[in-house]
Number of protein chains: 2
Amino acid sequence: MKDSPRPTLSDVARVAGVSTATVSRCLNEPGLVVQATRERVLRAVEELGYTPDFSGRALASRRTNTVGAVIPTMENAIFARGIQAFQEALTGAGVTLLVASSGYDPEQEAQQIQTLIGRGADGLLLIGAARPASTYDLLKRRGMPFVLAWNLGAGDDPFVGFDNADAAARITRKVLEMGHREIGMIAGVTAMNDRAADRVRGVRNALRDAGLDADALPVIEAPYSFEDGSRAFEALMQHSPRPTAVICGNDVLAVGAIKRAKAMGLAVPEDVSITGFDDIDIASFVTPALTTIHVPHRRMGTAAAQLLLQLIAGEQARRRVEIDVELRMRGSLGPAPQTTTG
Amino acid sequence: MKDSPRPTLSDVARVAGVSTATVSRCLNEPGLVVQATRERVLRAVEELGYTPDFSGRALASRRTNTVGAVIPTMENAIFARGIQAFQEALTGAGVTLLVASSGYDPEQEAQQIQTLIGRGADGLLLIGAARPASTYDLLKRRGMPFVLAWNLGAGDDPFVGFDNADAAARITRKVLEMGHREIGMIAGVTAMNDRAADRVRGVRNALRDAGLDADALPVIEAPYSFEDGSRAFEALMQHSPRPTAVICGNDVLAVGAIKRAKAMGLAVPEDVSITGFDDIDIASFVTPALTTIHVPHRRMGTAAAQLLLQLIAGEQARRRVEIDVELRMRGSLGPAPQTTTG
DNA sequence: TTTGCCAATGTAAGCGCTTACAAGGCGATT
DNA sequence: AATCGCCTTGTAAGCGCTTACATTGGCAAA
C-alpha cells in the first residue's frame, strides 16, 4: 500500500488541467462551471481519491458547518438518545456534530468549550444551566450561539428544556394524593448537576405546599446505577418512621430500588411505592412498571438542533422553548398502606 | 456584549509587543521562551481571551491530535460505554475524539470516514469488520491508521475485539448441556451487522457440532429494543415444537423476552430458558437474572485507544488484541423441562 | 465588422498558525 | 579586547483552501 501524502486541490487542478479556483468551484458551486470542465475535474478527483481538507477550507472560508455539544457523559441513556436525535437533525441540515463529555466537571466543561470554539464550532449545545459565570462570559464575548437543554435557562439564555423542579413537584403531589405522608427520596448526585438538584427542590416545594415539613424529608444521593439505587433504598428503609413512598431522581435509581424492595420482602406498591423520572425504556419493563415523568428526549434533541441552527443563521426565533413533560401513572405507585396509628 | 471577532495570534503578539513566533512558542514550547517574555505573553492571552484556532494550527503543523470513531449508533449502551472509556483514554493522552454515527449504513459509514479524514483525524476507530472493500482501500491508500473493535478483524487488520461466533457457540453449548433440544433464537438485525450475524452463526455451529440440524433453528430478527424482543419472543412461541430455550443476540432482546414470557404465564426458567449477550447492567437486575456472555466494554475501549495511539505513533504493537469474554451463569437458564415424550 | 456583455476561467491574496532560518546580544573563553 | 557559541527572539515562507477581481473568448446586437 502506498502511503501517499493526501492529494491537494492543486494536485487535482494539475491533473485536470485547470486552476485551483475552478476545482474549488466545481466542488462548492458546480453551477458556475461548464459541464465539460466539471466532468474533467470530477474525473481527476476520482482518480486521485481527493478529499477536501477541512482545516484549509475552514481557514479560508471562515465557517465550518459544525456545532459542538458538551454532555456530562455518554453513559446515560437520556443524553445518548437526545444527542442522537440532535445529530440526526443536524446531519439533515448538512452540519456535523462534535461531541465532548465533561464528566459533570465544570472546569472540564469550560475546557471542552474552549476546544470546540477553537475547532471553529458555529454553535454549542450545553446541558443544564448551572455553570460558572466565566463560562457564560466567554460564550457571550465570543458571540458564540448556544442552546441549553434538559433544563430551563436563566436570564434570557436560549434553551430547549423543561422545569425539573416543577415536574418533580407534580409527581410528589401525586404521591401525596395517594395518601402517603412518610416519604423518602433517592436523588441523583446534585453537586454540579442542576437537574438533579432541581428535582430535589421540586419535591421539597410540593411537601411544603402541602403543609408538611420539607426539611424532614430524608434524601440520599446516589450515582447513576441500579446498584447504587438499591443500596440507597436499603439505607432509606432504615429511616424511622419508614417511608411508605420513595421518590427517585431518575428511573435507573428507581429500578434499583424496586429490585431491592422485592429482595427485602417488601411488596411494591402494597408495602412501599416507588417513582422514577425520565421514562426511559426500562421504566415500562420493570415489574411493577414505574410511575414516572415522561421526558421526550428525542424531541428535545431535535428542537434544540432547530433552535441552534436558527440562532447561528441569525434568524428570529423563539429562544425559550419549554418542552412538555407528563406524569405517567403506572403500577409502582399505589395508595399508602393502612398504618396502625391511622 | 461585544461580538468581537476572535483575537488571533498576531493580536496577542501586538499587545505583548513580541512576534507571532514568540507567542506560538510560548503556547507550545514554553521552555524556549524566557520567563519575563512568557509572562507578558500570557497576560496578553488572558486579557484578550485568546484561544488558538484549530484550523490554522492543523494546517501549519500537519497534525491534529485528533482521532475519529464511527459507531452505528449512540443509542446502544455497549457502544456508549466502550466509547466513553475510549475517549477517557485518549483525553489522558492529550488527544480529542470526534464521534460520528452511521446508523448501521455502510455508505454513511464511508461518508463519515471521509469527513473524519478531511478533518485531519490521525487515526480511526471502526466497529466490526464487515464493510465494502472500497472503504478499506481508501483507508490503506491514505495510510490512515485504524482499529476495528467489537469483533475480530479479517486479514491482518488491527483489532481489539472478541470472537462473537465463538462466544455464541459457547453459550449454546451450555444450553445444550442443560438438556435443551428445542431451541429458538432471537437475533439482532444481521443485515450490515457482522456481530449480530456472527452470533447467529455461532449458535448454528454449536448445534451442528452437537449433531443437531442447524438449519432447523428458528431465528427471528428484531431491532434493539425491549419491545421488539418481547414481540419476537411471542412469535417464537408459536413455533412448533415450542422451544424450551431461547437464545438472544443481546441482553435487551433477552429482557424483552423474559417480560413477555412472564406475561404469557410461562415461568423462566422452568418452562422456558432465556439467555442474553453483552452483560449490560440490566442483565443482573432482571428477574430471573440473565445468563449471558460478559463483554468488558470499557476495557475494550481503553485497549482500542492504546492500540490506536501506538499505531499512530508508528510504534511496534501487537495489532490483534483478543479480549476475553466469559459466560455468566445466572437464573434465566435452567434444565430443560421434562417432555411427555421424554 | 465592430462593440458590448456575459459566462467561464484564471490570478493571487490571504485565512491563523508553525517553524526553518536568520539575527542579535551577552557571557565565557582565550 | 577579540572571538566564539549559545540562548532568545524575529523574519518570512508556506500549510490547503476560498474568493474578489482580472482576464479571456464567444456571441448577439448594431
Side-chain angles (χ1 to χ4, degrees), chain A residues 4-42 44-45 48-66 114-122 142, chain B residues 4-42 44-45 48-66 114-122 142:
Chain A
S4 45
R6 287 183 61 187
T8 69
L9 239 211
S10 55
D11 291 331
V12 176
R14 190 165 5 85
V15 170
V18 297
S19 74
T20 59
T22 301
V23 178
S24 173
R25 280 189 282 255
C26 256
L27 269 27
N28 302 306
E29 296 274 5
L32 296 180
V33 177
V34 83
Q35 169 132 16
T37 316
R38 202 188 317 153
E39 280 173 2
R40 201 144 36 93
V41 169
L42 293 181
V45 166
L48 295 172
Y50 169 77
T51 333
D53 178 88
F54 174 81
S55 301
R57 176 175 282 187
L59 199 51
S61 69
R62 320 294 311 122
R63 49 190 154 63
T64 60
N65 279 323
T66 292
Q114 292 269 13
T115 304
L116 291 171
I117 292 179
R119 281 181 176 268
D122 297 329
R142 283 267 182 285
Chain B
S4 46
R6 286 183 61 188
T8 70
L9 240 212
S10 55
D11 291 329
V12 176
R14 188 163 9 80
V15 170
V18 298
S19 74
T20 60
T22 301
V23 178
S24 173
R25 279 188 285 256
C26 257
L27 269 28
N28 301 307
E29 297 273 5
L32 296 180
V33 177
V34 84
Q35 168 133 15
T37 316
R38 202 188 316 154
E39 279 173 3
R40 202 142 38 93
V41 170
L42 294 181
V45 166
L48 295 173
Y50 169 76
T51 332
D53 178 87
F54 174 81
S55 301
R57 175 175 283 186
L59 199 51
S61 67
R62 318 295 312 123
R63 50 191 152 61
T64 60
N65 279 322
T66 292
Q114 292 269 13
T115 304
L116 290 171
I117 291 178
R119 281 180 176 269
D122 297 328
R142 283 266 182 288

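Computed from heavy atoms alone, side chains included, the values below leave out hydrogens, waters and symmetry copies. Note that the coordinates shown come from a computational prediction; the quantities given were computed from them, not determined experimentally. Lettering follows sequence order; numbering is per chain, from 1.
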Atom-pair distance ([atom1] on [X]; [atom2] on [N]), nearest Å:
| X | N | atom1 | atom2 | result |
| --- | --- | --- | --- | --- |
| B:R119 | D:dC17 | CZ | C1' | 15 Å |
| A:L32 | C:dG10 | CG | C1' | 14 Å |
| B:L9 | D:dT11 | CG | P | 15 Å |
| B:F54 | C:dC15 | CZ | C1' | 15 Å |
| A:D53 | C:dG16 | CG | C1' | 14 Å |
| A:E29 | C:dA8 | CD | C1' | 14 Å |
| B:Q35 | D:dC7 | CD | P | 17 Å |
| A:D11 | D:dC15 | CG | C1' | 13 Å |

Nearest to the side chain of [X], which nucleotide is it out of [options]?
| X | options | value |
| --- | --- | --- |
| A:V34 | C:dA8, C:dG16, C:dA12 | C:dA8 |
| A:S19 | C:dG10, D:dT18, D:dT9 | C:dG10 |
| B:V33 | D:dT9, D:dT19, C:dC17 | D:dT9 |

Looking only at the side chains, is there a donor atom on one of B:T66 and A:R119 sitting less than 3.5 Å from an acceptor on the other?
yes

Answer yes if the side chains of A:T51 and B:R142 hold a donor-acceptor pair under 3.5 Å, and no otherwise.
yes

Counting only side-chain nitrogens and oxygens, does A:R57 get under 4.0 Å of the OP1 or OP2 atom of D:dT18?
yes

Is the phosphate of C:dT19 approached by B:R63 (side-chain N or O, under 4.0 Å from OP1 or OP2)?
yes

Within the side chain of [X], is there an N or O that forms a donor-acceptor pair under 3.5 Å with the backbone of [Y]?
| X | Y | result |
| --- | --- | --- |
| A:R25 | A:L32 | no |
| A:R38 | A:V33 | yes |
| A:R14 | A:L9 | no |

Sugar-phosphate, base or nothing in reach of [X], heavy atoms under 4.0 Å:
| X | result |
| --- | --- |
| B:R38 | nothing |
| B:Y50 | sugar-phosphate |
| B:S61 | sugar-phosphate |
| B:T37 | sugar-phosphate |
| A:T22 | sugar-phosphate |

Sequence neighbours left out, cut at 3.5 Å: what donor-acceptor pairs do the side chains of residues 54-62 of chain B make with other protein atoms?
| unit_1 | atom_1 | unit_2 | atom_2 | d |
| --- | --- | --- | --- | --- |
| B:R57 | NH2 | B:N28 | OD1 | 3.4 |
| B:S61 | OG | B:R57 | O | 2.8 |
| B:S61 | OG | B:R63 | O | 3.4 |

Nearest-nucleotide check on DNA chain D, B:R40 vs A:S10; residue mapping nearer the 5' end is B:R40

I want to confirm an ordering. Mapping B:R25 and B:L59 to their closest nucleotides on DNA chain D, which one lands closer to the 5' end?
B:R25

Contact between A:V18 and A:V41 at the side-chain level, heavy atoms closer than 4.5 Å - yes or no?
yes

Considering only heavy atoms and no angle criterion, is a donor-acceptor pair shorter than 3.5 Å present between the side chain of A:R62 and the base of C:dG14?
no

Compute the angle between the rotation axes at the two ends of the helix from C:dT1-D:dA30 to C:dT30-D:dA1, each taken over five pairs, rounded to 10 degrees.
50°

More 5' along DNA chain C: A:T20 or B:N28, using each one's nearest nucleotide?
A:T20

Where is the tightest heavy-atom contact between A:D122 and A:N65, given as atom of each residue plus distance?
OD2-N, 2.9 Å

